[in-house]
Amino acid sequence: MMTRSAAGPDPAEIYLDHAATTPVAPEAVAALGRGVALHGNPSSRHSAGQAAREAVDGARAAVARLLGCAHDGVVFTGGGSEAINLALLGTFAAAEWRGHLVTTRIEHAAVLGAAGAAATHGVAVTVVPPDPSGHVDPERIAEAIRPDTLLVSVMHANNETGAIQPVERITEIAHAAGALVHVDAVQTAGKLPIAPLRADLVSVSAHKFGGVKGVGALRVPAGHELTALIHGGGQESGYRAGTENVPGILAMAAAAEVAVTASADPVVRAHREHLRARLLAGLAELDGIRVHVDSRVMAETVSVAFPGVRGDTLADLLDLRGVHVSTGSACHAGSESPSHVLTAMGVPADLARSTARFSFGSTTTEQAVVAAAEVTVDSVRGLRRSWGATPAAVAVGAG
Amino acid sequence: MMTRSAAGPDPAEIYLDHAATTPVAPEAVAALGRGVALHGNPSSRHSAGQAAREAVDGARAAVARLLGCAHDGVVFTGGGSEAINLALLGTFAAAEWRGHLVTTRIEHAAVLGAAGAAATHGVAVTVVPPDPSGHVDPERIAEAIRPDTLLVSVMHANNETGAIQPVERITEIAHAAGALVHVDAVQTAGKLPIAPLRADLVSVSAHKFGGVKGVGALRVPAGHELTALIHGGGQESGYRAGTENVPGILAMAAAAEVAVTASADPVVRAHREHLRARLLAGLAELDGIRVHVDSRVMAETVSVAFPGVRGDTLADLLDLRGVHVSTGSACHAGSESPSHVLTAMGVPADLARSTARFSFGSTTTEQAVVAAAEVTVDSVRGLRRSWGATPAAVAVGAG
Amino acid sequence: MGRFSPTVVDHFTNPRNSGQVADASVRAFVGNPVCGDQILLTAAVADGVVTDIRFQAFGCSASLAVASLLTEVVKGKGLDEVAALDADRVVELAGGLTPDQRHVAGLAADVAHRLVDNFHQGVNDDDPISCGA
Amino acid sequence: MGRFSPTVVDHFTNPRNSGQVADASVRAFVGNPVCGDQILLTAAVADGVVTDIRFQAFGCSASLAVASLLTEVVKGKGLDEVAALDADRVVELAGGLTPDQRHVAGLAADVAHRLVDNFHQGVNDDDPISCGA
Ligand SMILES: Cc1ncc(COP(=O)(O)O)c(C=O)c1O
Ligand SMILES: Cc1ncc(COP(=O)(O)O)c(C=O)c1O
């Protein structure tokens, strides 16, 4: 059942799906091993337990640096989705499900799902559409805020398009109106600085920046009223019960340190921009392609429509040729309906369905990107040939 | 900050706190490594993603064998506490917080915490006390069940005392009354057979049987109405959103296979019983000790009161002498109040406070147990000498 | 990659006979107009035998593969043989299809039957609506 | 193990002067009657100097350690010096105490002062209530 895994990643593979998940950083693998060797329970008073406790405390300090908060403002969770659900549902539960939530149509399913759950508890929810550019206009948020708005939840950058949202401006507006702000920084943590964010609550997921899957963290400000999703032994200041995922937490901290250092390095930033430019230059060989968002965008995420081919079919063909890309978010992989993000931006359904996302990580090389562009150009031409379509040039959107 | 961990476990250490957490099994370490090498997201359609998906599916099959259910009856969670909270809160949320919950005073904090949270949503909760023996009398459960009882939650074996609860009889009674049953099998998974349990919902936690911390699973029967705690991408059949903890899940499956095989082996079972007998024989050198539960009990868990010493002080002294035991549950480590389990059994507060728990795992040797008993006898004598107390013989409880 | 049979992979990555037959005797199209799977066949028929055939296809990976496969299978066959092709046979020829790919076997059988029917009735399908172009 | 200073570990694992001084000049007890930390000192005093002293203690690890430490510190000292001992000095002598251990420094200073007061007032405390025995 695990033939590929035993052999490790195929050396010929070009992995350009880092927005879905990125390989575990070597430093994180080492930290994971240290965590596995810590055989005590951090809640045990004996020295085996205390050694685990101290390791978690050290990791908490590192993640606090990533999040830009005090050590005791870090709540470790079982992933990014859990952090997001804790932020939204925990805040509204503590408010006895009173008040109003403002969020946007381009949020990740975890935010939209939690918002839906909050609504079933009686919370009023307003979902603001983005501009056709893929960005949420702060004015739309300002209009949506009501006197009873308790929380505004906006993502830092979109996972499908890479569009960077004006979260600082939105935070100012929300704070001025007396509302709290949650930022889903799952896509940006370790890529853009998130420590300076003035949002109250900030969610991150370790596996997106070199940690392991199934570990996340939420920044919770002192004095914030938050009800746990998981009740029990009082771990994580009572916000998240359960024996701590010591190896995963240590790996997350190690990955955070590496990613924060790297992403602060202008050489690394320039390299990512260069990768984007190279990919787009390569794809420009094709007629009629459309880059969904190409300004105020993360260098790492390139979402492109290839009229005349279906995105899932293109992704399959690229896969068979050793290039791993996605059709949008990973969760969407099986679904027939076009991306809710592109749809919200006003992208027509057929163009949305012809979309593939290329995303870079710390291990992505220029060579790989150039090769991927070549294979993509060839594959799109092949698929268009099978279809016999000569796509009309499609205007590139306002992004 | 991690001086001990770098050196690995002290070879002179005698670790007898396996009920708090047990070292990761070598097979699980290997599986964890395979999981880390699977760099795709199981939700991605490309082959890197599909390799991760297949690995998770294979692990699901192994955990389904542990739990005794169909593959799609396994919901992976971020730990035992999460599985328990999902079982209780998910069931009552799906019933729109109507109905009645029956549980017991000796449950783990995760069950009691979730029950408390359910109560704040309007669920009626009855908490049944145990007999002085540490066992819940099925008749007490029968008396507590009402026409509107939706769920009965009872643990398979208690984490502090090892008392095995009559969960099969309780399940019969509950089912006859039309109520569902949740069994917290966190302490017994991989030690006692849990696949045959006729309970509807069964919770387990990987790190208690050789997996890693921060991974759990819930057995959910087909057709059971359950609302997720964590909403989002639809993973785990919609019961638990978030990118799957691939390494942790693989490690859990590997540990489950090893533990299920071992615990089905009569030689292993006899060895555990022998360890218990040797420990108790060694401790019998001391006057006035009391074994809290000594029949219908897990061989692996030995809870003993040492009148004339404080349990936490004894645990500290043993720790300094290389023997790791606990005062009860790990979560209790810091607290001043006596164990809620022993209190519920009617154990006087001072006797409860003088309690230490010794618990065995797959790596525990007879030699270690004999040595631990000797060090304990010596330490208790020393502490009693400091106190100058000559404890009156204390009758051993009805356990 | 496991999701596709070797035959499907082969035809998907290396499609045979794509395009249209010039001066085709018959054209057949089946498919979901709102950009679901779509196959257009054009064929030359002589003495009841398919002497040349080409496909155009838009849709999921498996639909492209079976379209290509179909042209290889049908070429040189009598129309009665083509009419006898059914979905199960297409699954078999494709080296197996997973449950979520199975619908393309029906699509392939449908377009093959339609080719035969159109030929007998002397009708032709239009080109499909251009999708995503 | 990090939680305890080396001095605390030393006195905890190797208590000095436990028990009671036979024919003690003075007995002093402080502690929480419901099985909190408790220290009983018995001492022989001659010419205003503590010539012999023993402790009995029940409680947390640090309380046992400071009780033992106290006997070593006090033995041979004048009663005025003993009266001058305060909690900060005990923390110092113990090589540091963590926040959750700090209360035992107060306990040690209290029982030392009580020993001096009892001696001056010619009173003696009873034996503590037996705890957990
Ligand atoms: C009986 C019992 N239930 C639940 C739990 C909670 O498991 P976890 O800490 O892995 O969330 C534990 C252990 O901590 C336990 O012993
Ligand atoms: C923007 C965004 N938010 C939340 C998540 C959820 O994170 P996880 O799958 O680790 O729970 C993801 C990725 O899946 C994401 O891209």
Side-chain angles (χ1 to χ4, degrees), chain A residues 1-2 4-5 8-9 15 17 20-21 23-24 29 32 34 36-41 43-48 51 54-55 58 78-82 85 108-110 113-114 116-117 207 212-214 229-234 241-248 312 315 319 324 326 330-331 333, chain B residues 1-2 4-5 8-9 15 17 20-21 23-24 29 32 34 36-41 43-48 51 54-55 58 78-82 85 108-110 113-114 116-117 207 212-214 229-234 241-248 312 315 319 324 326 330-331 333:
Chain A
M1 99 213 178
M2 278 175 45
R4 282 189 71 88
S5 65
Y15 184 80
D17 198 12
T21 191
V24 183
V29 175
L32 192 77
R34 286 197 300 277
V36 167
L38 286 166
H39 60 293
N41 186 319
S43 296
S44 293
R45 59 184 289 132
H46 51 62
S47 47
E54 281 164 32
S81 297
E82 185 184 326
N85 277 259
H108 187 267
H207 72 99
V212 291
K213 301 174 182 83
L229 296 178
I230 301 169
H231 306 267
T243 300
E244 296 86 343
N245 181 343
V246 178
D312 55 354
D319 183 19
H324 292 159
S326 107
C331 328
Chain B
M1 94 215 180
M2 279 175 44
R4 282 188 72 88
S5 65
Y15 185 80
D17 198 12
T21 191
V24 183
V29 174
L32 192 77
R34 285 199 300 279
V36 167
L38 286 166
H39 60 293
N41 186 319
S43 295
S44 294
R45 60 186 287 131
H46 51 62
S47 47
E54 280 163 32
S81 298
E82 186 185 327
N85 277 259
H108 187 267
H207 72 98
V212 291
K213 301 176 181 83
L229 296 177
I230 301 168
H231 307 268
T243 301
E244 297 86 343
N245 181 343
V246 178
D312 55 354
D319 183 19
H324 293 159
S326 107
C331 327

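Just so it is clear: chains get the letters A, B, ... in the order the sequence lines come, proteins before strands, and each one is counted from 1.
Contacts between Val29(B) and chain A at a heavy-atom distance below 4.5 Å involve the side chain alone, from C-beta outward. For Asn245(A), the parts sitting under 4.5 Å from any heavy atom of chain B are the backbone and the side chain alike. At a 4.5 Å heavy-atom cutoff, the contact between Val36(A) and chain B is made by backbone and side-chain atoms alike. Within the 4.5 angstrom heavy-atom criterion, atoms from both the backbone and the side chain of Glu82(A) approach chain B.
In this structure, Thr243(B) OG1 and Asn41(B) CG are separated by 4.5 Å, a value rounded to the nearest 0.5 Å. Note that the NE2 atom of His39(A) and the NE2 atom of His207(B) stand 14.0 Å from one another [nearest 0.5 Å]. One finds the CG atom of Leu229(B) at 6.5 Å from the CG atom of Asn85(B) (value rounded to the nearest 0.5 Å). In this structure, the separation between CG on Asp319(B) and CG on Asp17(B) is 10.0 Å, given to the nearest 0.5 Å.
Counting heavy-atom pairs closer than 4.5 Å to chain B, the top-ranked of the candidates Ser81(A), Gly242(A), Ala114(A), Gly78(A) is Ser81(A). The greatest number of non-hydrogen atom pairs below 4.5 Å with chain A, out of Gly80(B), Ala117(B), Gly232(B), Gly248(B), is found for Gly232(B). Counting heavy-atom pairs closer than 4.5 Å to chain A, the top residue among Thr21(B), Ile230(B), Val212(B), Val24(B) is Ile230(B).
Here the closest non-hydrogen pair linking Ser44(B) and Ala20(A) is OG-CB, 3.7 Å.
At a cut-off of 3.5 Å, with distance as the only test, a side-chain donor of His324(A) or Ser47(B) sits close to an acceptor on the other residue.
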